[in-house]
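Below: the structure, in structure tokens.
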Amino acid sequence: VKIRMDQAAFRRDVLDNWQGKCAITGSSLAVEACHIISHAKQGKPSVENGIALAADLHHLFDNDDLNFMNNKVILSERAQQEERYKGLHNKFISQPKIPVKFINK
């Protein structure tokens, strides 16, 4: 397991930026700090490159089943077929303290 030295600070800062809640659901349970541009793609460990997501939504984002456009959730067709997620499609996300920069994957 490769440990990135900046990961703890990134997690703390991103969760603080989103008030410790998932940007989509507003839940404070099982929330993770997610890189918008992944570390593997040279994404910076900065607040502007982070979003707080529930663990399952983080997984959907990493697998291209969830994206963001105009501060709305965009789900893949596959994710829209799932009862658990379909109501999230086109939902506005909450606003962080410091704006983040979304890209289309």
Same cluster or not: are V100 and V31 linked, directly or through other Ile, Leu, Val, Met, Phe, Trp or Tyr residues, by side-chain heavy atoms under 4.5 angstrom apart?
->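 No; V31 is not reachable from V100 via cluster members.
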If Ile, Leu, Val, Met, Phe, Trp and Tyr residues are connected whenever their side-chain heavy atoms lie under 4.5 Å apart, and connections chain through other members, are L75 and F102 in the same group?
->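 Per the 4.5 Å side-chain linkage, L75 and F102 are co-clustered.
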Would one find more than 12 heavy atoms of other residues, nucleotides or ligands at under 6.0 Å from atom NZ of K97?
->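 For K97, atom NZ is crowded (more than 12 foreign heavy atoms under 6.0 Å).
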Below 4.5 Å, heavy atoms only, C-beta onward: do [X] and [Y] meet side chain to side chain?
X	Y	value
R84	D56	yes
L57	V73	no
F68	I74	no

Over all atoms of both residues, closest heavy-atom pair of [X] and [Y]:
X	Y	result
L88	I24	CD2-CG2, 3.9 Å
H35	F61	O-CE2, 3.4 Å
K72	F92	CE-CZ, 3.3 Å
Y85	A79	CB-O, 3.7 Å

Side-chain donor or acceptor of [X] paired with backbone N/O of [Y] under 3.5 Å:
X	Y	answer
H58	C34	no
E48	K101	no
N17	P96	no

What's the separation between atom [atom1] in [X] and atom [atom2] in [Y], rounded to the nearest 0.5 Å?
X	Y	atom1	atom2	value
D6	K44	CG	NZ	10.5 Å
N71	I93	CG	CD1	5.0 Å
D65	E77	CG	CD	11.0 Å
I51	S94	CD1	OG	7.5 Å
L15	E32	CG	CD	9.5 Å
L29	K21	CG	NZ	11.0 Å

